[in-house]
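Inspection log for the structure reproduced underneath, given as structure tokens.
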Amino acid sequence: MKDIAYIDLKQCILQDNEDIANEVRDLTKEKKFFLWNIMSSPGAGKTTFILDVISRLNGKYSIGVIEGDIESTIDAEKMHRLGVPTVQLRTGGDCHLDAAMIKKALENLPLEELDIVIVENIGNLVCPAEFDLGADLPSMLLSVPEGDDKAIKYPLMFSVCDALMVTKIDALGLFEFDFDALEKNTRKINDNLRIFPLSAKTGKGMEVFIEWLCKKINSKKETF
Ligand SMILES: Nc1nc2c(ncn2[C@@H]2O[C@H](COP(=O)(O)OP(=O)(O)OP(=O)(O)O)[C@@H](O)[C@H]2O)c(=O)[nH]1
Ligand SMILES: [Mg+2]
């Protein structure tokens with residue numbers, strides 16, 4: 001009798017995604033823009049942070065946004081009100097964005113005019129980490145109320161990111177959050193992860209982050 005045919009669907013899906021992520025990477029070079037993926041749990045502060053970043057980069061770079069949501073256009077409308085070219089990706093239930101969705105969204109942005117495309121991923125600390133989007137900067141937000149132990153509980157997310165923005169530091173007095181513990185937990189998983197404590201509400205820590213971000217963007221620009 002023939003052996004059981006075994007197809008690892010997850011492997012197939014992730015391989016297909018990687019192929020399209022490479023196409024997206026090529027597109028960023030061809031059209032000369034910086035692609036930035038921002039992930040976090042729901043409500044960590046992605047939209048608030050992105051709005052603040054856009055206002056701080058206003059005039060320096062031309063920015064487009066891809067908003068990923070299971071439902072609604074609430075966040076996309078906030079971006080649109082700033083006059084930023086915006087694409088809403090409604091997944092209708094899927095808890096992550098994949099490279100094919102990004103490729104489609106990019107077809108709807110004026111890439112020739114843009115220096116940066118920011119992706120607000122679906123609020124989820126698990127699935128988005130599995131899908132490479134071809135981004136120059138895969139990053140995550142962790143908000144103070146979520147706690148300092150998340151690197152232990154969601155290691156994949158911390159392992160795939162280059163930057164960790166620890167948000168809502170204005171709320172540090174209300175929650176038990178130990179930065180040394182966060183650093184220790186994180187270093188076990190990703191020694192290269194850059195950690196930025198900040199608050200998009202008060203602006204504390206934002207300048208330091210923006211300075212680092214601009215260096216990243218400019219170093220990619222130099223390769224064009
Ligand atoms: N205190 C404080 N609150 C913040 C900060 N950033 C965001 N918030 C608040 O946190 C809540 C959620 O913020 P959002 O920016 O909508 O979070 P999000 O990650 O985009 O949420 P989803 O898109 O639903 O996953 C809002 O009430 C914000 O006002 C911050 O730095 N400090
Ligand atoms: Mg949001």
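Numbers here simply count residues along the sequence, with the first being 1. Indexing begins at 1, ligand by ligand and atom by atom, following the structure's order.
- Here the side chain of Asn218 pairs a donor or acceptor atom with the backbone of Cys214 at under 3.5 angstrom.
- Looking from atom 28 (C) of ligand 1 to the surrounding protein, the closest heavy atom is Thr48 OG1, 3.7 Å.
- With respect to Val119, the side-chain contact (heavy atoms from CB on, under 4.5 Å) criterion is satisfied by exactly one of Leu106, Ile50, Leu97, Leu137: Leu97.
- A donor-acceptor pair under 3.5 Å is formed between the side chain of Thr167 and the backbone N or O of Ala44.
- Within the 2.8 Å limit, Thr47 places at least one N, O or S atom next to the Mg ion (ligand 2).
- At a 4.0 Å heavy-atom cut-off, ligand 1 does not touch Thr167 at all.
- Scanning the protein for heavy atoms near atom 18 (P) of ligand 1, the closest one is Lys46 N, 3.4 Å.
- By the neighbour-count criterion of 12 heavy atoms within 6.0 Å, atom NZ of Lys103 is sparsely surrounded, having that number or fewer from other residues, nucleotides or ligands.
- When only non-hydrogen protein atoms are considered, atom 1 (N) of ligand 1 lies nearest to Asp170 OD2, 2.7 Å.
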Pair Glu146-Ser143, side chain to side chain donor-acceptor pair (under 3.5 Å): steps then yes or no: CA-CA 6 Å; Glu146 291 170 77; Ser143 63; 2.7 Å; yes
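- Residue-environment remark: CD (Glu211) stays at or below the threshold of 12 foreign heavy atoms within 6.0 Å.
- At least one N/O/S atom of Glu120, from backbone or side chain, sits under 2.8 Å from the Mg ion (ligand 2).
- A 6.0 Å sphere centred on NE2 of His96 holds more than 12 heavy atoms belonging to other residues, nucleotides or ligands.
- More than 12 heavy atoms of other residues, nucleotides or ligands lie within 6.0 Å of CD in Glu71, so this atom counts as buried by the packing criterion.
- In this structure, Ala44 counts as a contact residue of ligand 1, since one of its heavy atoms falls inside 4.0 Å of the ligand.
- Annotation for ligand 1: atoms under 4.0 Å from non-hydrogen atoms of Ala200 are 31 (O).
- Using the six-membered ring where Trp is involved, Phe209 and Phe196 have ring planes that are perpendicular, over 60° apart on the 30 and 60° scheme.
- Under 2.8 Å from the Mg ion (ligand 2) lies an N/O/S atom of Asp75, whether from backbone or side chain.
- Within 6.0 Å of NZ in Lys188 there are more than 12 heavy atoms belonging to other residues, nucleotides or ligands.
- The shortest N or O to N or O distance between Asp75 and ligand 1 is below 3.5 Å.
- At a heavy-atom cutoff of 4.0 Å, ligand 1 is contacted by both the backbone and the side chain of Ser199.
- The distance criterion of under 3.5 Å between nitrogen or oxygen atoms is not met by Pro42 with respect to ligand 1.
- For the residue pair Ser40 / Lys46, a side-chain donor-acceptor distance below 3.5 Å is found, with atom types taken as modelled.
- Among all non-hydrogen protein atoms, the one lying nearest atom 3 (N) of ligand 1 is Lys201 CG, 3.6 Å.
- Residue Gly45 has at least one N or O atom closer than 3.5 Å to an N or O atom of ligand 1.
- Not a single protein heavy atom sits closer than 4.0 Å to atom 26 (C) of ligand 1.
- At the top of the distance list for atom 12 (C) of ligand 1, counting protein heavy atoms only, stands Gly43 O, 3.4 Å.
- Atom 8 (N) of ligand 1 has as its closest protein heavy atom Lys168 CE, 3.6 Å.
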